[in-house]
There are 2 protein chains.
Amino acid sequence: MGFLSSIPWIEKVLADLESAEGLGDLQALAERIRAEYGVGHVVYHWVNSAGQQYGCGTYEPAWVQRYLDRNYLRIDPVIQGCYQRFHPVDWKRLDWSGKVARDFLRDAVAFGLGNQGYSIPIRGPNGQFALFTVNHDCDDDVWAAFTEENRRDLILLAHYFNHQVLELEPGRAPPEATPLSPREIDALTLLAMGYSRAQVADTLTISEHTLRVYIESARHKLGALNTTHAVARALQRGVIVV
Amino acid sequence: MGFLSSIPWIEKVLADLESAEGLGDLQALAERIRAEYGVGHVVYHWVNSAGQQYGCGTYEPAWVQRYLDRNYLRIDPVIQGCYQRFHPVDWKRLDWSGKVARDFLRDAVAFGLGNQGYSIPIRGPNGQFALFTVNHDCDDDVWAAFTEENRRDLILLAHYFNHQVLELEPGRAPPEATPLSPREIDALTLLAMGYSRAQVADTLTISEHTLRVYIESARHKLGALNTTHAVARALQRGVIVV
DNA sequence: AACTCCCTCCCCGATTCCGGCGAGGGCGGC
DNA sequence: GCCGCCCTCGCCGGAATCGGGGAGGGAGTT
């Protein structure tokens with residue numbers, strides 16, 4: 001991962017952490033990053049397609065637990081906001097109106113979070129979604145200067161965290177199913193576009209019976225229970241693009 | 001976009017290109033990148049959720065046209081391979097077995113492409129998928145050294161291209177539809193998991209009639225023509241994750 | 001307090017989809 | 001040259017889904 005070399009302090013830190021292994025590495029790295037930049041918190045949060053979460057960083061364990069207990073994932077404006085974008089987002093630009101969002105923020109501050117935040121979303125196939133966040137307590141001007149100056153480092157660090165987590169997550173490759181045939185892809189693609197079976201058959205200029213053979217074939221290949229499921233899986237696996 | 005500042009030549013080039021505007025900028029930038037690194041080709045290729053494609057780079061127009069004409073998007077192992085990952089990929093690590101893939105490669109070389117390539121996939125919500133590719137003609141050792149040395153720059157440049165394209169693509173925000181309610185999300189999520197309506201209603205412990213209200217409501221919000229379409233759109237927009 | 005949105009339930013009929021069956025010709029790979 | 005996969009077509013009945021429609025209580029926002 002030589003691409004981090006533009007970050008002055010990174011070599012030494014990574015060397016220090018070499019002895020550790022697995023995800024503990026990243027936890028320790030987050031601590032070091034916090035120290036190097038003198039910010040309140042550094043956190044990496046990752047959600048895979050199965051809804052499993054993984055996180056590491058400098059948040060208080062009590063806050064992490066509360067976040068999970070209260071299912072804040074569905075409330076957190078940072079998640080909500082970043083999920084739709086994929087460029088770094090300053091927390092100020094998010095939508096904090098609404099009662100639940102304000103309550104959430106108040107709760108977060110009570111657990112030691114700062115009022116400023118900067119989050120970098122990274123996405124992968126199969127709904128993988130990760131967030132690298134830096135949190136701090138300061139006024140707007142100071143924060144704007146900080147983010148402007150260190151954005152590049154943060155992007156690269158986000159990539160690094162993501163790379164490490166994926167390396168340690170072997171649960172991606174297995175569903176390496178048999179590929180879909182062109183006609184099967186055509187069929188699922190048109191279905192995903194909202195066409196009815198009759199319309200799809202007409203568009204492909206085949207009989208509806210033939211179409212059904214494709215759909216069923218695709219369903220079996222994808223291990224899907226019905227047509228909607230097949231379309232969903234095909235989309236998730238990226239075998240069709242609508 | 002100060003995060004590019006670690007690339008020595010970038011400031012001057014960006015200043016030179018300041019006068020140009022729009023996507024022409026990126027075309028010219030690709031040319032400059034090719035010159036700076038002394039490689040065969042530099043290309044940025046972008047596909048959005050509507051299946052629209054946009055590309056800029058140094059490939060011969062004849063090759064681009066042929067790529068489109070022959071619908072190589074569905075054949076290209078670079079696309080196929082990168083779509084499932086989201087870390088930089090050396091073309092050597094892709095699957096070039098199979099007749100169509102080999103034919104494709106032969107055709108590409110005939111149109112001036114080199115035998116080496118390095119592609120950086122970047123993904124966004126709504127099925128956005130972009131590829132930043134560097135292509136060259138040399139032996140494996142030289143190429144390995146090149147990629148190792150310049151990976152960081154390439155990642156940052158990929159981000160830059162992506163940022164610029166999204167800035168110039170106002171067609172993203174409009175479908176800023178009303179958000180789905182929690183129950184609607186539950187319903188679509190379970191449907192995407194392959195459950196039948198009866199099973200979903202049972203799982204949510206509501207009547208099937210109520211469930212249908214959610215599905216229809218979600219369908220209208222998503223502008224979907226039927227249930228399968230609604231699930232597909234919800235997946236693409238990232239409002240549900242199965 | 002008015003407003004909007006969410007959740008829940010019910011009616012109806014027509015349309016569509018599901019699931020498994022069989023059968024033939026063609027192309028590419030081993 | 002054989003095997004496997006792909007493409008194409010047909011029939012069947014039962015089950016599920018798709019359209020709207022109306023109606024009430026509750027919570028949050030303004």
Side-chain angles (χ1 to χ4, degrees), chain A residues 74-75 77 95-104 106 177-192 194-232 239, chain B residues 74-75 95-104 106 177-232 239:
Chain A
R74 293 221 181 265
I75 297 172
D95 176 25
W96 293 96
S97 70
K99 180 174 162 52
V100 287
R102 289 193 303 271
D103 288 349
F104 166 75
R106 199 176 310 118
T178 50
L180 298 184
S181 77
R183 284 310 236 185
E184 287 160 359
I185 291 175
D186 292 340
L188 291 186
T189 301
L190 291 170
L191 288 172
Y195 288 42
S196 70
R197 293 208 310 203
Q199 288 174 309
V200 174
D202 200 49
T203 304
L204 298 177
T205 56
I206 56 177
S207 76
E208 194 171 335
H209 315 280
T210 302
L211 171 68
R212 285 177 41 210
V213 175
Y214 298 149
I215 298 174
E216 289 203 16
S217 174
R219 241 195 19 242
H220 288 133
K221 286 181 181 176
L222 294 166
L225 297 168
N226 53 44
T227 302
T228 300
H229 196 196
V231 170
V239 298
Chain B
R74 295 219 181 270
I75 296 171
D95 177 23
W96 292 97
S97 68
K99 179 173 162 51
V100 285
R102 287 195 304 273
D103 287 349
F104 166 75
R106 197 175 312 118
T178 49
L180 299 184
S181 75
R183 286 310 235 184
E184 288 159 359
I185 293 175
D186 291 341
L188 291 186
T189 301
L190 291 169
L191 288 173
M193 290 167 62
Y195 288 42
S196 70
R197 293 208 313 202
Q199 288 175 309
V200 173
D202 200 49
T203 303
L204 298 178
T205 58
I206 55 176
S207 77
E208 194 170 336
H209 313 280
T210 302
L211 172 67
R212 284 177 40 207
V213 175
Y214 297 148
I215 297 175
E216 289 203 16
S217 173
R219 235 193 27 240
H220 288 133
K221 288 182 180 177
L222 294 166
L225 298 168
N226 54 43
T227 302
T228 299
H229 196 194
V231 169
V239 298

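Chain identifiers are assigned alphabetically (A, B, ...) following the order of the sequence lines, protein sequences preceding nucleic acid strands; residue numbering begins at 1 within each chain. No experiment lies behind these values; they were computed from the predicted model shown.
- Looking at Asp186(B) and Thr203(B), their side chains never come closer than 4.5 Å, going by heavy atoms from C-beta outward.
- The separation between Asn226(A) atom CG and dA16(D) atom P is 12 Å, rounded to whole Å.
- No contact: Gln199(B) has no heavy atom under 4.0 Å from any strand.
- Among the atoms of the strands shown, none is found under 4.0 Å from any heavy atom of Ile215(A).
- To the nearest angstrom, P of dC5(D) lies 9 Å from NZ of Lys221(A).
- The separation between Leu190(B) atom CG and dT17(D) atom P is 13 Å, rounded to whole Å.
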Show me the protein contacts with nucleotides 24-30 of chain D, counting only N or O atoms at under 3.5 Å.
residue : atom : partner  : partner atom : Å
dT29(D) : OP1  : Lys99(A) : N            : 2.6

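- A donor-acceptor contact shorter than 3.5 Å links the side chain of Arg183(A) to the backbone of Leu204(A).
- Atom CD1 in Ile185(A) sits roughly 11 Å away from atom P in dC6(D) (whole-Å rounding).
- Nucleic acid contact class of Ser217(B) (heavy atoms, under 4.0 Å, all strands): none.
- If you check every strand for non-hydrogen atoms under 4.0 Å, Glu184(B) touches nothing.
- Ser207(B) comes within contact range of the sugar-phosphate backbone alone, with a heavy-atom separation under 4.0 Å but no base atom that close.
- At whole-Å resolution of the value, CG in Leu204(A) and P in dC7(D) are 11 Å apart.
- The two residues Lys221(B) and Ser181(B) come nearest to each other via the heavy atoms NZ-N, 3.8 Å.
- The CG atom of Leu191(A) sits 4.5 Å away from the CD1 atom of Ile215(A) when rounded to the nearest 0.5 Å.
- In terms of position on DNA chain D, the residue among Ser196(B) and His220(B) whose nearest nucleotide sits closer to the 5' end is Ser196(B).
- If you measure from atom NE2 of His209(A) to atom P of dG13(D), you get 14 Å, rounded to the nearest angstrom.
- In this structure, Arg212(A) does not reach the dC9(D) phosphate: none of its side-chain N or O atoms is under 4.0 Å from OP1 or OP2.
- Residue Arg197(A) is classed as a base contact, given a heavy-atom separation below 4.0 Å to a base.
- One distance of note links OG of Ser207(A) with CZ of Arg212(A); it measures 9.5 Å at 0.5 Å rounding.
- When every heavy atom of Arg219(B) is checked against every heavy atom of Ala230(B), the shortest pair comes out as CG-CB, 3.8 Å.
- Under 4.0 angstrom from either OP1 or OP2 of dC5(D) there lies no side-chain N or O belonging to Ser181(A).
- One finds the CD atom of Gln199(B) at 7.5 Å from the CG atom of Leu225(A) (value rounded to the nearest 0.5 Å).
- Here chain A contacts DNA chain C (any atom closer than 4.0 Å to a heavy atom, that is under 4.0 Å), and the contacts span dC17(C) to dG20(C) from 5' to 3'.
- An OP1 or OP2 oxygen of dT8(D) is reached within less than 4.0 angstrom by a side-chain nitrogen or oxygen of Tyr214(A).
- Residue Ala232(A) comes nearest to Ala192(B) through the heavy atom pair CB-O, 3.5 Å, listed as atom of the first residue, atom of the second, then distance.
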